[in-house]
Amino acid sequence: MAKNNLNDWTCWVQIAGRILNQTQLKQLHAQLIQNSLHHRNHWVALLINSCARLRAPLSYTRIIFHSTPSPNLFALNSMVEYYFSLHVCKEKEVELLTSLFSQLLASNNKPGSLYPILIKSSGKAGILFHVHLLKLGHHQDPHTRNAIMNAYSKFGSFEMARKLFDEIPKRMVADWNSMISGYWNCGMEAEACSLFNLMPENERNVVTWTAMVTGYAKIKDLFTARSYFDRMPHRTVVSWNAMLSGYAQNGLAKEALQLFHHMIKAGNGTEPNQITWVTVISSCSSLGDPSLADSLVKILYKKKVQLNSFLKTALLDMHAKCGNLETAQKFFDKLSVHRSCTTWNAMISAYTRFGNLALARELFDRMPVRNIVSWNTIIAGFAQNGHPEMAIRLFEEMIATTDLKPDEITMVSVISACGHLGDLEMGNWIVNFLVDNQIKLSISGYNSLIFMYSKCGRMEDAERIFQEMKIRDIVSFNVLVSGFAAHGNGIEAVELISRMRKEGIEPDRITYIGVLTACSHARLLKEGRRVFESIKCPTVDHYACMIDLLGRVGELDEAKRLVDHMPMEPHAGIYGSLLNASVIHKRIELGEFAANKLFQLEPTNSGNYVLLSNIYASAERWDDVDRVRESMRKLGVKKTTRWTWVEHDGKVHKVILGDRSYER
DNA sequence: CTAGGGTTAG
């Protein structure tokens, strides 16, 4: 470390970039103390920046901060950024900052250009500087005033922002833009729009237009967002990014990719930047298409795009969602100290998606800082992978040991976990918890309640929730239908079809599976047949349900005819239904036919052998029973019950509607 | 100098 370089800013930046871990940070700090440079503001600022990046502990960072006798803007600024990087800016810290800020203002005569920067980087605390600026008369500086106004509209109230806005004698474009996005922050479409229209047309710049695009995307009105985008006189990368992320964040991945192609084709000097790539990659993730992912990676490579940590995290997620866990893992390892909370969350989610709960849990326990998404990820991971009890335990741990407030996403997982467990007591406790903590539910929240109640055998409560909903979606109907199916309420299930059509929702594959299963359990042959014939493109699963229904009511010959005339290749479920019906109705020949098909399709499923031997047993054909048992032994088929059939009321029932069918 | 765009959970 040459001393003559210490006043050179580029040298500092270089050194800052070289600090990769806390050990190096401490070494540098020690070197500075040795050279008596540790009280210099620029070095303090630099060290604190590194502390924020490396997530150094608060106590250590404070020691560094207090080593400067009179902190200047740079030092103060870094400290503010550090506090915000912790996401735990407590009142006390804000007070400290405010007093330091006022000290600084008092000692500095010029309203320097650094004020807007400091206010902006202080986030919510920026508002607190307003009063100090007023006292010192610096609030008239247009840029400082704009920064304050912007802080109000982002973190405080749009009313205060509007008050400042109205008092400005000569408004800059930035003032209009701050105010418009302030309104959009609160979802106030009408006010934002009226300001936009009030603004002189030649004053509107690309930022104004982009703010409108973002605003409409935020309220999920992508049609209007697009119309503003199309009407823009000029577009920058930011405008394209705004429109792209509007699509991406509202689940319109295809539209996002289409627009991206448009962007590339149009050229116009709007080259995609890292933010564009992050958005595009995230759209590709939600499509889960490996070949698309592959081609994107190739383009990134060809264009020599620099990968920052946002991009690497997005790529990690994309690979995981497109089925490549190893590559995802590689990105996670490569990120090392640059891992953000999001990076950890994405990796945990990758493990849960592949069903590896042990590794997911290990990462969760190891990560330095957890946010609400971390908890939601791990809770959902256990809830969806057959460990609802662990999901609930984690939820309890979360509310007992953290200050994080559970949101709807947390609750959806917990409610569905109660459903899987059939734990009505816990379910009711959760409902009270929702009320006590004022957690508002959207459609999917209510859907999870319907699921929970019907799994707990409380169909009247499930129906009550369903009725209480103002808007329902296809899942609402499907969950209720499958509840009816499980409880054998055939008529109710059939009636739901016409009801959903009345609400403008067309039944889908899952709906029909549910209704047919309900008919099967209720032995409603006529209704089931009518429903089956009304399906436009029946899938193999629908045939399975219909054959199950026919078999159950004893129409085995018709069932066999249906199997023979299916337009597609029958799968194991089809022959399973047939075999099952043959057992019940003691149809040995048909049973042998179905069983032989099943032995080819799933040679390791012991259940099929058992069923066939049961047929022989019921006809007292003990030689055949022994023969089946023997071939089972020879083939090494173990009696591991990967059962797709369950016993209920003394009869064998087929479980077609796994709860997972909604999640896939 | 100021205003507009980013990754993760159901």
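Sequence lines set the chain letters: A, B, ... in the order given, protein chains first and strands last, and positions in each chain run from 1.
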Which part of the nucleic acid, if any, lies within reach of [X] when heavy atoms closer than 4.0 Å are counted: base, sugar-phosphate only, or nothing?
X	result
A:Val206	base
A:Arg171	nothing
A:Asn177	base
A:Asn371	nothing
A:Thr313	base

Starting at [atom1] of [X] and ending at [atom2] of [N], how long is that distance when rounded to a whole Å?
X	N	atom1	atom2	value
A:Leu315	B:dT8	CG	C1'	14 Å
A:Arg204	B:dG4	CZ	P	18 Å
A:Lys321	B:dT7	NZ	C1'	9 Å
A:Ile281	B:dT8	CD1	P	11 Å
A:Leu404	B:dT8	CG	P	19 Å
A:Ile168	B:dT2	CD1	C1'	11 Å
A:Met232	B:dA3	CE	C1'	13 Å
A:Phe364	B:dA9	CZ	P	15 Å

So, does [X] get its side chain near the phosphate of [N], meaning an N or O under 4.0 Å from OP1 or OP2?
X	N	answer
A:Lys218	B:dG5	no
A:Arg235	B:dG4	no
A:Gln249	B:dG6	yes

Are A:Phe260 and A:Trp240 close enough that their ring centres sit under 6.0 Å apart?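 Ring centres of A:Trp240 and A:Phe260 not closer than 6.0 Å.
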Under 3.5 Å donor-acceptor pair, [X] side-chain atoms to [N] base atoms:
X	N	answer
A:Asp175	B:dA3	no
A:Asn345	B:dT8	yes
A:Thr279	B:dG6	no
A:Asn241	B:dG4	no

So, is the end of the A:Arg231 side chain (NZ or CZ) under 6.0 Å from the ring centre of A:Tyr228 and within 45° of the ring's axis?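 That pair qualifies as a cation-pi contact.
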Tell me whether A:Arg339 forms a cation-pi arrangement with A:Trp344, defined as NZ or CZ under 6.0 Å from the six-membered ring centre and within 45 degrees of its axis.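 Because its charged atom sits under 6.0 Å from the ring centre and within 45° of the axis, A:Arg339 does stack over A:Trp344.
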Considering only [options], which nucleotide approaches the side chain of [X] most closely?
X	options	value
A:Ser178	B:dG5, B:dA9, B:dA3	B:dA3
A:Asn376	B:dA3, B:dA9, B:dT8	B:dA9
A:Phe310	B:dG6, B:dT8, B:dG10	B:dG6
A:Val207	B:dG10, B:dG6, B:dG4	B:dG4
A:Asp407	B:dG10, B:dG5, B:dA9	B:dA9
A:Ser245	B:dG6, B:dT7, B:dG10	B:dG6
A:Val412	B:dG10, B:dG6, B:dG5	B:dG10
A:Thr236	B:dG4, B:dA9, B:dT2	B:dG4
A:Ser282	B:dA9, B:dT8, B:dC1	B:dT8
A:Ser349	B:dG5, B:dT8, B:dG6	B:dT8

Report yes if the side chains of A:Thr410 and A:Met398 come closer than 4.5 Å at any heavy-atom pair, otherwise no.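 With C-beta onward as the side chain, the pair touches.
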Side chain to side chain contact (heavy atoms under 4.5 Å, CB included) with A:Asn447: which of A:Met469, A:Met452, A:Arg472? A:Met469
Check the side chains of A:Asn345 and A:Asn376 for a donor-acceptor pair under 3.5 angstrom, ignoring hydrogens and angles.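 Short answer, no.
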A:Arg366/A:Glu362 ion pair, N-O < 4.0 Å: yes
